[in-house]
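Worksheet for the structure shown next.
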Amino acid sequence: VLDVEDIVDALHVRGDEQDALFARAAHARHAHWGDRVVVRGVTEITNLCRVDCEFCPMRRANSRVNQVFKLGPDQLVEAARAVRDSGINVVFFQGGEIPQTTRIVGEAIPRIRELFDDTVEILLNLGNKSRDEYKYLRDQGADSYILKFESSDPQLHERMRHETLDSRLRCLQDLLDLGFKVGTGSIVGLPGQSPRHLAEDIAFARDLGVHMCSVSPFIPAPATPMADCPAGDLELTLNAIAVMRLVEPSWLIPSVSALAKSANGGQHRGFRAGANVLTINFTAEQISDSYLIYGKDRFVVRNDYARRLIDEVGLAPSGSVFIAETPSRVQHGPGAR
Ligand code: SF4
């Protein structure tokens with residue numbers, strides 16, 4: 001079992017040692033998952049957010065200057081139809097943290113499950129909510145939820161997000177208790193963050209017992225207090241992916257689009273370092289320009305690029321790995337549909 005010291009050491013390796021680390025991670029992925037890359041279809045449902053994260057252009061302070069959008073249940077069902085028609089069975093909705101998304105998504109989920117004849121994973125990333133809201137979403141048929149802690153260091157977390165780490169952890173625990181498959185993760189390159197912080201994030205995620213974990217390099221975005229901060233280190237991010245794979249071979253670990261923005265071929269290298277998830281963006285183009293998660297010129301993964309990428313790294317696209325384990329909670333009794 002890798003402890004925090006081992007993880008710190010592994011985060012520092014470069015050159016031949018880094019190649020060896022990636023080879024071990026790819027071997028661990030192969031042993032657990034074979035060649036499979038889980039493909040998700042994401043739709044961004046709103047760029048409104050009540051939180052004021054220092055690094056994010058969708059922060060509350062920008063809500064008056066951004067061109068805001070919020071989709072409704074009908075638009076979510078249409079987006080899910082496009083995901084289905086592309087042969088993908090992980091329907092992923094993400095958006096800023098506002099209370100209205102509970103009802104909007106909750107109303108759409110049963111219709112989407114029906115669209116897929118129940119053979120679908122509904123994955124959400126909608127921020128902190130009350131336990132009752134999570135339960136409602138679960139009862140409506142949501143399977144999985146991503147809630148990144150960004151940093152598990154309480155001070156750094158609060159400095160970056162103006163929210164307490166405890167409130168995030170309460171939500172993560174509620175999600176786990178309610179039977180969601182849960183993902184969390186960190187940003188690499190936050191000001192004041194050391195490799196030890198990152199190592200502790202990875203160990204913390206393991207101890208939480210989550211099912212998915214991700215790491216993204218910080219990308220400085222305009223109109224944020226961190227616009228002039230240096231970007232997160234690509235090599236450190238890739239090493240973190242490899243270490244995460246060794247720490248918990250069963251995790252779903254994405255090769256995120258921010259890696260492609262950091263460097264040409266960055267997302268390919270994420271897979272070489274042991275990632276096994278790729279997210280394809282289904283947000284309509286005119287809306288996705290307003291979803292400013294990495295600033296206006298963010299890299300948006302579309303279907304053709306994604307299929308080519310998976311092929312180029314010698315892996316094969318796969319559907320949800322959670323469907324068989326998580327039968328729908330939507331009741332099929334008389335009148336339920
Ligand atoms: S990172 Fe998420 S929670 Fe923070 S401001 Fe951006 S959308 Fe809101």
Side-chain angles (χ1 to χ4, degrees), residues 42-71 92-102 104-105 123-130 133-134 137 145-172 174-175 182-193 201 212-227 229 231-232 237 254 256-259 261 279 281 283 287-300:
V42 71
T43 303
E44 287 133 359
I45 69 172
T46 181
N47 60 352
L48 282 166
C49 188
R50 63 156 203 90
V51 191
D52 217 18
C53 297
E54 294 281 293
F55 46 82
C56 178
M58 300 196 310
R59 62 202 305 263
R60 183 181 65 233
N62 287 348
S63 60
R64 273 198 226 101
V65 287
N66 288 343
Q67 198 181 344
V68 297
F69 71 92
K70 177 159 55 70
L71 304 187
F92 181 12
F93 293 124
Q94 69 176 4
E97 188 175 306
I98 54 168
Q100 296 95 310
T101 55
T102 304
I104 294 167
V105 174
L123 167 65
L124 307 177
N125 177 5
L126 303 171
N128 286 12
K129 293 186 181 291
S130 68
E133 287 177 286
Y134 288 144
L137 289 166
Y145 203 104
I146 292 174
L147 193 67
K148 293 173 71 174
F149 47 57
E150 318 292 10
S151 169
S152 66
D153 178 81
Q155 281 85 34
L156 183 56
H157 183 98
E158 212 161 323
R159 213 163 57 240
M160 290 295 110
R161 304 195 64 249
H162 309 289
E163 296 268 306
T164 64
L165 177 65
D166 278 353
S167 62
R168 207 65 162 174
L169 297 183
R170 191 276 299 161
C171 291
L172 281 164
D174 283 345
L175 290 162
V182 176
T184 193
S186 325
I187 299 177
V188 172
L190 297 173
Q193 182 193 51
D201 287 349
M212 311 176 264
C213 199
S214 74
V215 66
S216 309
F218 164 66
I219 307 280
T224 65
M226 288 170 57
C229 292
T237 310
V256 298
S257 62
L259 291 169
K261 185 151 168 71
T279 302
N281 199 303
T283 312
I287 293 176
S288 99
D289 286 348
S290 306
Y291 197 82
L292 298 166
I293 196 91
Y294 303 123
K296 268 199 191 316
D297 55 347
R298 73 184 174 127
F299 184 81
V300 177

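In each ligand, atom 1 is the first atom listed, and ligand 1 is the first ligand listed. All values derive from a computational prediction rather than experimental measurement.
Taking backbone and side-chain atoms together, C53 has no N/O/S atom less than 2.8 Å away from atom 6 (Fe) of ligand 1.
We find the CE-NZ distance between M212 and K148 to be 12.5 Å, quoted to the nearest 0.5 Å. A distance of 6.5 Å separates OG of S151 from CG of L190, quoted to the nearest 0.5 Å.
When the options V182, L124, I146, L137 are evaluated for a side chain to side chain contact (heavy atoms under 4.5 Å, CB included) with L175, the one that passes is V182. No option in I98, T101, T46 other than T101 meets the side chain to side chain contact (heavy atoms under 4.5 Å, CB included) test with L126.
Each of the following atoms of ligand 1 lies closer than 4.0 Å to a heavy atom of M58: 7 (S). Counting the atoms of ligand 1 from 1 in the order shown, those under 4.0 Å from a heavy atom of F55 are 1 (S). Per-residue contacts place C49 under 4.0 angstrom from the following atoms of ligand 1 (heavy atoms of the residue considered): 3 (S), 5 (S), 7 (S), 8 (Fe).
At least one heavy atom of R161 sits under 4.0 Å from some atom of ligand 1.
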**Request:** Check the pair Y134 / L147 against side-chain contact (heavy atoms from CB on, under 4.5 Å), numbers first and verdict last.
**Result:** CA-CA 12 Å; Y134 288 144; L147 193 67; 4.0 Å; yes

